[in-house]
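Here is the structure we will look at, set down as structure tokens.
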Amino acid sequence: MSMETKWTLFFIWVVIAMTISTVGLVMIMRWYHREVRKVKTQKHEETDQKKS
């Protein structure tokens with residue numbers, strides 16, 4: 001394997017790893033926001049009663 005081939009493979013691997021990590025991060029954030037929204041809707045009435 002020449003040096004150029006190694007760098008090309010390394011670059012491709014980095015791009016793939018970054019893509020996977022970005023997609024994973026987005027999925028985790030979306031799931032987290034969904035869970036937070038569930039909790040907020042459940043506790044929304046309680047906070048309204050405390051404010052008034």
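These numbers come from a predicted model, not from an experiment.
- A donor-acceptor contact closer than 3.5 angstrom links the side chains of T5 and S2.
- For the side-chain contact (heavy atoms from CB on, under 4.5 Å) test, residues two or more places apart in sequence or in another chain that qualify with V39 are K43.
- Taking the six-membered ring where the residue is Trp, W7 and F10 present perpendicular rings, their angle passing 60° and hence far from 30°.
- In this structure, the separation between OG1 on T22 and CE on M18 is 6.0 Å, given to the nearest 0.5 Å.
- Rounded to the nearest 0.5 angstrom, Q42 CD and K38 NZ are separated by 8.5 Å.
- Linking Ile, Leu, Val, Met, Phe, Trp and Tyr residues whenever their side-chain heavy atoms come within less than 4.5 Å places M3 and W13 in a single cluster.
- Under a hydrophobic-cluster definition in which Ile, Leu, Val, Met, Phe, Trp and Tyr are linked whenever side-chain heavy atoms come within less than 4.5 Å, directly or via other members, I20 and I12 are assigned to the same cluster.
- One distance of note links NE2 of H33 with NZ of K40; it measures 9.0 Å at 0.5 Å rounding.
- By the 6.0 Å contact criterion, CD on E4 is open, its count of non-hydrogen atoms from other residues, nucleotides or ligands being 12 or less.
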